[in-house]
Asks: 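Handing you a structure now.
In listed order, ligands and their atoms are each counted from 1.
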Amino acid sequence: MKHIRYSPLLDQYSKPDPILREIKEVVTRGDYTLGAEVLEFEKLFAKSSNRVHAIGVGSGTDALKIPLRAAGIGYGDEVITTANSFWAVVGAITEVGAYPVLIDVGSDMQMDPDLLEQAITPKTKAIVPVHLAGNVSKMKPIMDVAKSTGLHVFEDGCQSQGAIRDGKQVGSWGDATAFSMHPLKILNIWGDGGVVVTDNTELDDRIRVLRNHGLRNRDSMECFGYNSRLDTVQAVVGKYILGSLEWILNKRRENAKTYINGLTGINEVSFQDIDENVSSSYLYFVIFVKDREKLKAFCEKNGVEVKVHYPTPLYRQKALQDIGYKDVQFKNADVQSERGLSLPVDQHLIEEDIKYVTSVIKEFYGGKT
Ligand SMILES: *Cc1c(COP(=O)(O)O)cnc(C)c1O
């Protein structure tokens, strides 16, 4: 029996020597905090995302939180985001003191722009579209609403680095965009780290001050900030993996195509809706299926590791129930967490692996393999 693992981590850094050599240099210089490699990495990252500024911070969560703070969002303010998605989004919003106003998603798993206007109140300050599972939110209508109402937009690009809509990369629309380099993201380093990108020079300046205790320079503290810097050692790893971004994206897209070809026509299986003008980065390859739990067990019995993102939608978590989401229902978020299944799709899997996973799913639904 084949074994198709879900996480690429062991393959990804199977030859770490070039990175370790460069880290040794950092250690020799003792240049651990905001060292030369951080600046180098930031420049490369800005270029790769086609933005003017990139700022390395401690995590993807901080890459959301610090721009919110930098834009002056805090107590008494509301920030609109989605009802499914990852804990960090509401974590970042509540950490600056604001209230997360959740709205439902469409069949693409992204913010439904038609629900935006009715969620806006006099307290609303920003919209945080979460580009989920490698897909890209419908940014045109979201930006139209933001422009006509004067709201900030902060994109959460943590799951969709390198994804494209209408020829523009994730990170092209908002005031600023957050990326994560956590080991389970597209660009993964050896621990926690995040990056903010922006074209706004004033915002860039404030984020740089905020990530380093609010310090303007060594001795003057301009405001209350955070200790949230990207480690020099992690910037070395980031530089290295950034060079593989195109390859990573291409392989993931190839694997996704193999899934789509193989699984099309199975009545019990449907795909995450991805608009024609979108090129997903496929952090996850999500299908929606009948008898999800049984299929999941069958995959595991046949050596295929699969995941569910997320078995309990964000808004049904206790933390959210406690702040006012007890008596509401977000239908699409519910359906997607009940039926969604993420298949292994990363860059280190080959066509034969994907075809094996496909054959297991076909066998489960009684088709010929
Ligand atoms: C991972 C993730 C984050 C947070 O990133 P960390 O680096 O883990 O703090 C934020 N938003 C989304 C959608 C994520 O998937």
Asks: Okay, side chain of Asp112, backbone of Asp114: is any donor-acceptor separation there less than 3.5 Å?
Replies: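 Yes.
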Asks: N/O to N/O below 3.5 Å, does that happen between Asp192 and ligand 1?
Replies: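 The answer is no, given that Asp192 and ligand 1 share no N or O pair closer than 3.5 Å.
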Asks: Taking only heavy atoms of Val130, which atoms of ligand 1 are found under 4.0 Å from at least one of them?
Replies: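 With Val130 as reference, the close atoms of ligand 1 come out as 13 (C).
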Asks: In this structure, is the centre-to-centre distance between the rings of Phe179 and Phe45 below 6.0 Å?
Replies: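 For Phe45 and Phe179, the ring centres are under 6.0 Å apart.
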Asks: What residue and heavy atom of the protein are closest to atom 14 (C) of ligand 1, and at what distance?
Replies: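 The closest heavy atom on the protein side is Lys185 NZ, 3.1 Å.
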Asks: Any side-chain to backbone donor/acceptor pair from Ser342 onto Val286? Under 3.5 Å, distance only.
Replies: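 No, because the side chain of Ser342 does not come within donor-acceptor range (under 3.5 Å) of the backbone of Val286.
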Asks: Are His348 and Trp247 close enough that their ring centres sit under 6.0 Å apart?
Replies: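 Aromatic pair counts; centres sit under 6.0 Å.
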Asks: Using a strict 4.0 Å cut-off to heavy atoms of Ala88, name the atoms of ligand 1 that fall inside it.
Replies: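 So the answer, numbered in order with elements, is 3 (C), 4 (C), 10 (C).
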Asks: Before signing off on this row, confirm whether Gly60 and ligand 1 have an N or O atom pair separated by under 3.5 Å.
Replies: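 It does: an N or O of Gly60 is found under 3.5 Å from an N or O of ligand 1.
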Asks: Among protein heavy atoms, which lies nearest atom 11 (N) of ligand 1, and at what distance?
Replies: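 Looking at atom 11 (N) of ligand 1, the protein heavy atom closest to it is Asp156 OD2, 2.6 Å.
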Asks: Establish, from distance only, whether the side-chain atoms of Asn188 and Gln12 form a donor-acceptor pair under 3.5 Å.
Replies: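 A pair is found: one side chain offers a donor N or O, the other an acceptor, under 3.5 Å apart.
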Asks: I need the atoms of ligand 1 closer than 4.0 Å to a non-hydrogen atom of Cys158, numbered in the order shown.
Replies: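 Reading through ligand 1 atom by atom, the close ones are 2 (C), 3 (C), 10 (C), 11 (N), 12 (C), 14 (C).
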Asks: Could you list which atoms of ligand 1 come closer than 4.0 Å to a heavy atom of Ser180?
Replies: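 So the answer, numbered in order with elements, is 5 (O), 6 (P), 7 (O).
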Asks: Which ligand 1 atoms does Thr61 reach within 4.0 Å, using its non-hydrogen atoms?
Replies: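 Listed by number with element: 4 (C), 5 (O), 6 (P), 9 (O).
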Asks: Would you say the side chains of His131 and Ser137 form a donor-acceptor pair under 3.5 Å?
Replies: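 Side chains of His131 and Ser137: pair found under 3.5 Å.
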Asks: Under 3.5 Å, side chain of Asn200 to main-chain N/O of Leu203, donor-acceptor pair present?
Replies: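 Such a contact is found between Asn200 side chain and Leu203 backbone.
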Asks: Should His182 be counted as touching ligand 1, given the test is an N or O pair under 3.5 Å?
Replies: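 No, no N or O pair falls under 3.5 Å.
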